[in-house]
2 protein chains.
Amino acid sequence: MLTERRATILGLVVREYVQTAEPVSSKALVDRRGLDVSSATVRNEMARLEDEGYITHPHTSAGRIPSDLGYRTYVQSLMAEEPVGADEQRTITHQLHQVAGALDEWLSLTATILAGAVGNVAVVTRPRAVTAGRLRHLQLVELNPDTALLVAVMDDGRLRQRLVPLRIPATQAQLQDRAARLNARMAAIDGASARALATEIADTDEASIVRATAELIEEHRGAEETYLDGLSRALRQPEFADPDRMLNAVARLQAYRLRSLLEGAADAQPGETRVVIGSELAADEMQDWSVVIARYGDIDAAGTVAVVGPTRMAYERTIPRVRYIASLMGQLLRDMR
Amino acid sequence: MLTERRATILGLVVREYVQTAEPVSSKALVDRRGLDVSSATVRNEMARLEDEGYITHPHTSAGRIPSDLGYRTYVQSLMAEEPVGADEQRTITHQLHQVAGALDEWLSLTATILAGAVGNVAVVTRPRAVTAGRLRHLQLVELNPDTALLVAVMDDGRLRQRLVPLRIPATQAQLQDRAARLNARMAAIDGASARALATEIADTDEASIVRATAELIEEHRGAEETYLDGLSRALRQPEFADPDRMLNAVARLQAYRLRSLLEGAADAQPGETRVVIGSELAADEMQDWSVVIARYGDIDAAGTVAVVGPTRMAYERTIPRVRYIASLMGQLLRDMR
DNA sequence: GTTAGCACTCTCGGGGAGAGAGTGCTAACC
DNA sequence: GGTTAGCACTCTCTCCCCGAGAGTGCTAAC
């Protein structure tokens, strides 16, 4: 059972370790954290905490390090969140409004801001419709008489483009007409229906346009765009002092591998912030990592904001900042509509 | 003066050092590279080569390392390019054709392929029109009665989008008309003219659409999209065994810093491959790096392909591979039109 | 239950010492 | 005169040892 005093000590161990990255000794807690018991008492309590699995030992004569369970307990019940101060809020919103207009720049900027605020790697995914994969609108632009550029606007506001060769040359006006006709038949169509429609159409060029659209819709369903920043900052943390570990970290934070980390929050509601610590992560090779993750948006479209870093992470700072940025993004997304 | 024998020795030193990443001793050259003179003779020649600045010494009792001048001489006159074999060509073209259709995926794939082929970081930029910054076509899509999505197709085939709020609600049909009208007035317009045009227009909504278009055109002029891959592979090279150096490398290969490296080839012709070695790079902090760079495309639109890595680079492999990929991309680009 | 005291353990950094690798030079050789 | 064997010399690299220091766990006293 975690008595009040042991809980206090566990909290102090976590805080001290997060700050210094050194194993925490009983003496350090008494001296630097103002515990009013002796170091011997702390040692006894630490031994209990270790028995119960909250902290560990790198070796006999070293201080204590929180275990995943220790961090989990800390996050769940010991930690006091450090609110995002008024100044910091102002700075963040100010930075965020620098690029209003282009969604992709905005997302990449958000990753940069969040990474800066928490000193770790930040990941932001582009908002996607939950139902994602329907066409909102298509356009045809003449590039030359034999080729049209097909531009598909998807229901989440993203664009996809493809070149379509034309058997029969067409002018821009003709393409416009054709696009209008197709839009009428393909309102909010999904990939499968578009593919079915393509087979019914007699006109070769029109069929190939519809087929290309179907492909674009299907491609689009699977694609998740992620924006990442803060890698080189995060690598300065002492856990990566060893070149092998650093190399591992770089290799593992390639965008396409992040997907599995972010999946854990696919079912989270906007407003909810999740923390996944060390061994709680499904990926075996990420046992030293934690992820703080939130969804933003609403039923129409939602994306993910996350911070990824070593388990030794300032959770009390990171969690409210991820939550704050997620709520800001939700708001901005609503404003955009 | 570089006698024939000294040139041979210099070439061997470069090859051996590139392969082993260890300072090259006189004995190693005789034993492993089959020179038919004694190691003492090689030592004499090496001393001369060092006087002339082609190689250096990390310390008294260590072997020799090529200097930047040594590499330069090697690349310029000693090296025999290692051609891209038929198998390798087939593999590359096969991979490249996997994603024909979507330009951005194609570029990112190209970076991956090139990085794999040379074992270093590869960078590819999206082709841009030399005259870049003219509008090809604009489209308006209704999102809701008060907001339209402005999609601009630029003369290099890239898309830019922006939300435009509407004072007076409009239907898709009305937007279509308006787009057609504006396209007629704004054919191949550049940013400045578009901006001027905006002031002449009375209709508030139309003026704001034109203004937004002007902004998109101007944004577009400056933006260079770069695709990068191979970082974690390159970091495995022994020059990054030291964590500080590795960290530096990661920090420096952020896309936005690469721009200055690639600028050196802005005036290169497609087909030409340039090599910039160590101190020849303008950036002081990149003295240990080399860049092999080529332009691809033609007068209408051109982009850059480059490999970035330590000066100890297999130039004879890298150069032909960069050239080959660049020529392939030029070809594919032509096919797309 | 708390604490002082103390033996014990483990790490970390510094200091040789020795091995090994290479060079530069000299003198002999072809 | 170029080439080479031989050798002294230099420098690095690795291993090992040792002492200092940090911390713990336990015991006995409070």
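Each chain gets a letter, A, B and so on, in the order the sequences are listed, and its residues count up from 1.
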Exercise: identify the closest heavy-atom pair between A:Val291 and A:Ala306
CG1-CB, 4.3 Å
Ignoring hydrogens and angles, tell me if any N or O in the side chain of B:Thr125 forms a donor-acceptor pair with the backbone of B:Thr304 under 3.5 Å.
yes
Do you know which two heavy atoms are closest between A:Ile325 and A:Val305, and how far apart they sit?
CG2-CG1, 4.2 Å
Could you go over nucleotides 26-30 of chain C and give all protein N or O partners under 3.5 Å, atom names and distances?
none

Heavy-atom closest pair, residues B:Arg252 and B:Glu285:
NH1-O, 3.0 Å
Quick one: does B:Arg312's side chain have a donor or acceptor within less than 3.5 Å of a partner on B:Thr20's backbone?
no
Proximity of A:Trp289 and A:Phe240 rings by center, below 6.0 Å:
yes
Counting C-beta onward and ignoring hydrogens, is there a side-chain heavy-atom pair between A:Arg5 and A:Arg48 closer than 4.5 Å?
no
Roughly how many Å is it from CD in A:Glu45 to P in C:dG1, rounded to a whole number?
10 Å
Can you find a pair of side-chain heavy atoms, one from B:Val84 and one from B:Arg323, that are under 4.5 Å apart?
no
Looking at B:Arg64 and B:Glu50, is any side-chain nitrogen of the basic one under 4.0 Å from a carboxylate oxygen of the acidic one?
yes
Each stem that DNA chain D is part of, given as range with range (3 or more consecutive Watson-Crick or G-U pairs, under 3.5 Å):
C:1-30 with D:1-30
Using only atom types and a distance under 3.5 Å, with no angle test, would you say the side chain of A:Ser67 pairs donor to acceptor with the backbone of A:Gly53?
yes
Please write out each protein N/O paired with an N/O of nucleotides 20-24 of chain C under 3.5 Å, distance rounded to 0.1 Å.
| unit_1 | atom_1 | unit_2 | atom_2 | d |
| --- | --- | --- | --- | --- |
| C:dG22 | O4' | B:Ser61 | O | 3.0 |
| C:dT23 | OP1 | B:Ser26 | N | 3.4 |
| C:dT23 | OP2 | B:Ser26 | N | 3.4 |
| C:dT23 | OP2 | B:Ser26 | OG | 2.8 |
| C:dG24 | OP1 | B:Arg64 | NH2 | 3.3 |
| C:dG24 | OP2 | B:Arg64 | NH2 | 3.4 |
| C:dG24 | N7 | B:Arg43 | NE | 3.1 |
| C:dG24 | O6 | B:Arg43 | NH2 | 3.3 |

If only atom types and distance count, is the side chain of A:Arg317 paired as donor or acceptor with the main-chain N or O of A:Ala117 below 3.5 Å?
yes
Identify each atom pair where a protein N or O and an N or O of nucleotides 15-17 of chain D are less than 3.5 Å apart, giving names and distance.
none

Please list, chain by chain and in numerical order, all residues satisfying salt bridge (charged side-chain N to carboxylate O under 4.0 Å, His left out) with A:Glu280, sequence neighbours excluded.
A:Arg72
Hey, which of B:Val75, B:Ile277, B:Thr318 is the one that makes side-chain contact (heavy atoms from CB on, under 4.5 Å) with B:Met313?
B:Thr318
Pair A:Asp68, A:Gln287: side-chain N/O donor-acceptor within cut-off below 3.5 Å:
no
DNA chain C contacts among residues 29-40 of chain B, heavy-atom distance under 4.0 Å
none
For the backbone of A:Arg245 and the side chain of A:Glu239, can you confirm whether one donor and one acceptor N or O come within less than 3.5 Å of each other?
no
